[in-house]
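So you know, we letter chains A, B, ... as the sequences are listed, proteins then strands, and number each from 1.
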Amino acid sequence: MPMRGNRMEFQVGLTRVPFSLEHTLESGQVFRWVNQGEWWYGVVSGGVLKIRQEEETLRCASSAEVLDSGFVRSYFRLEQDLELVYASFPQDQTMTRAVQRFYGMRLVRQERWECLASFVLATNSNIPSIRRMVAKVSSAFGEALTFDGISFATFPRPERLATATIGELEACGLGYRASFLKKVAQAVDEERVDFSELTIADYTAAREILLRRFFGEKLLLGVGPKVADCVLLFSCEKNDAFPIDVWVARALARFYPAILNDGLLRRLASGRKVTLSKSEYESTSLSARNYFGGNAGYAQQYLFMLARAEATP
DNA sequence: TAGCAGGAAAATC
DNA sequence: GATTTTCCTGCT
């Protein structure tokens, strides 16, 4: 393994492993990867990882020994047989089209704390804003790194955000999310949320844990059904979680109207701004999980991509 | 300048 | 228990 200082360079073979780095990193699951020329740079596990895809090879460089080929395989979940996932989808026109268009897009195995914090910031926001918020929080509270002469910052540890003032967090452009982020950081720092428990439990049990109340108070302020589903899907390997944001709701209305109840379908079809009530979210999510099966989460990500691509031609 | 997009929580019915 | 309002930023 060639190493200079802490720098390490390596390759990951993709023979008979369907994978698209672009589609994966542009799919709205992750917010910290940046495209620089032919390379993608990301800060993961406290270091910088640089990747380029060359057909059946991932060319990689990293700033830390832990960021090796094993890490890359695990991070992009390359052990998951994507053809089996595709085969488990309903074999309809929409899914066929989505898979063709975004072939090789995978769900990433994100770090759980960063994923939770990112999706708390994601409420009532869009991808460019989320990226901006996460970047500012990282540069303000994370550890500075330099790689290839470019400055990066690690995502701050929970204890750092737990002790930050609301004012300091608001300065990162978080708005009312600042207090949610601080509360969530405190809960994680005080170990009131046990991430390993989330991994062991099945979807339903893990969701209960994330959304639970104690002493009449929420465990995690700022974590509702959608955020919980994102955390479970993107960092806890719950492939059957089906987060519904506005894009997925629109995709369902357009391609799978039978999954939605009539009232919701009418509102979505009207084109006006639509927010799902809690009960609408729960019933729609349940129907979708039943329809799309054990890999409903993968199906959801392809529908999300399709809905966004077709809205912005 | 106003108006809108984007989830969760709190207030209110 | 279900609906409505509030929270904030960024873009048009």
Side-chain angles (χ1 to χ4, degrees), chain A residues 27-29 31 115-140 161 164-188 193 207-235 241-254 260-286 288 300-301 303-305 307-313:
Chain A
S27 67
Q29 329 165 44
F31 305 107
C115 183
L116 173 64
S118 300
F119 280 97
V120 165
L121 297 183
T123 63
N124 236 10
S125 196
N126 51 44
I127 293 173
S129 307
I130 303 164
R131 296 181 76 97
R132 199 174 307 122
M133 288 187 273
V134 174
K136 284 187 181 173
V137 167
S138 299
S139 60
L161 296 186
T165 67
I166 300 293
E168 288 173 322
L169 291 168
E170 279 174 343
C172 300
L174 311 189
Y176 61 87
R177 301 165 196 84
S179 61
F180 289 162
L181 183 62
K182 184 175 163 78
K183 286 268 173 59
V184 168
Q186 284 170 333
V188 174
V193 50
R207 198 170 191 269
E208 287 281 309
I209 295 169
L210 278 178
L211 299 176
R212 148 179 85 185
R213 292 173 174 276
F214 65 104
F215 306 127
E217 250 187 285
K218 275 214 78 174
L219 170 65
L220 297 169
L221 222 51
V223 178
K226 152 72 162 58
V227 172
D229 283 338
C230 287
V231 171
L232 294 175
L233 181 62
F234 300 137
S235 70
F242 194 91
I244 305 171
D245 72 334
V246 288
W247 295 101
V248 172
R250 286 174 192 147
L252 291 176
R254 183 162 164 202
L260 303 172
N261 73 40
D262 292 345
L264 180 55
L265 183 56
R266 260 195 300 276
R267 268 157 53 217
L268 282 163
S270 75
R272 293 195 317 275
K273 175 176 173 169
V274 175
T275 42
L276 304 208
S277 71
K278 195 166 160 51
S279 65
E280 283 171 335
Y281 186 99
E282 298 303 329
S283 65
T284 306
S285 185
L286 184 63
Q300 174 273 157
Q301 204 61 26
L303 287 176
F304 177 81
M305 302 275 277
R308 291 178 58 86
E310 299 198 340
T312 50

Mind checking whether A:V227 and A:F180 have side chains closer than 4.5 Å, heavy atoms only?
no
Round to the nearest Å and state the distance from A:R132 atom CZ to C:dC11 atom C1'.
9 Å
A:R267 CZ to C:dA2 C1', straight-line distance once rounded to whole Å:
12 Å
Integer-rounded Å distance: C:dC8 C1' and A:K136 NZ:
13 Å
What nucleic acid atoms does A:R177 come within less than 4.0 Å of, heavy atoms only: base, sugar-phosphate, or nothing?
base
Within the distance-only criterion (no hydrogens, no angle test), does the side chain of A:S139 pair as donor or acceptor with the backbone N or O of A:K136 below 3.5 angstrom?
yes
Contacts of A:G175 and A:K278 projected onto DNA chain C by closest heavy atom; the upstream (5') one is A:K278
When you measure from the side chain of A:R177 to the backbone N and O of A:L169, does any donor-acceptor pair fall under 3.5 Å?
no
For nucleotides 7-13 of chain B, 5' to 3', base contacts (B), sugar-phosphate-only contacts (S) and non-contacts (-) with protein non-hydrogen atoms under 4.0 Å give BSS----
How long is the gap from CG on A:L181 to NZ on A:K183, to the nearest 0.5 Å?
11.5 Å
How would you list, by chain and number, every residue that makes a ring-ring contact (aromatic ring centres under 6.0 Å, His included) with A:F119, sequence neighbours excluded?
A:F31, A:F234
Counting just side-chain N and O atoms, does A:R250 come under 4.0 Å of either OP1 or OP2 of B:dG6?
yes
A:L264 backbone acceptor or donor facing A:E280 side chain under 3.5 Å
no
If I take atom CD1 in residue A:I166 and atom P in nucleotide C:dC8, what distance separates them, rounded to the nearest angstrom?
11 Å
CG of A:L219 to CD of A:E208, rounded to nearest 0.5 Å, is 12.0 Å
Rounded distance (Å) that lies between atom C1' of B:dA5 and atom CG of A:L268
14 Å
If an axis is fit to five pairs at each end of the helix from B:dA2-C:dT12 to B:dC13-C:dG1, what is the angle between the two, to the nearest 10°?
40°
Whole Å only: how far is the CG atom of A:L174 from the C1' atom of B:dG6?
15 Å
Whole angstrom is fine here: how far is it from CD in A:E170 over to P in C:dG10?
13 Å
Taking only Lys NZ, Arg NE, NH1 and NH2, and the carboxylate oxygens of Asp or Glu, determine whether A:D245 and A:K226 approach each other closer than 4.0 Å.
no
Within this structure, what is the CE-to-C1' distance between A:M133 and C:dC8, rounded to whole angstrom?
9 Å
So does A:R308 get a side-chain nitrogen or oxygen closer than 4.0 Å to the phosphate oxygens (OP1/OP2) of B:dG6?
no
Between the side chains of A:E310 and A:R250, is the shortest nitrogen-to-carboxylate-oxygen separation below 4.0 Å, so that they form an ion pair?
no
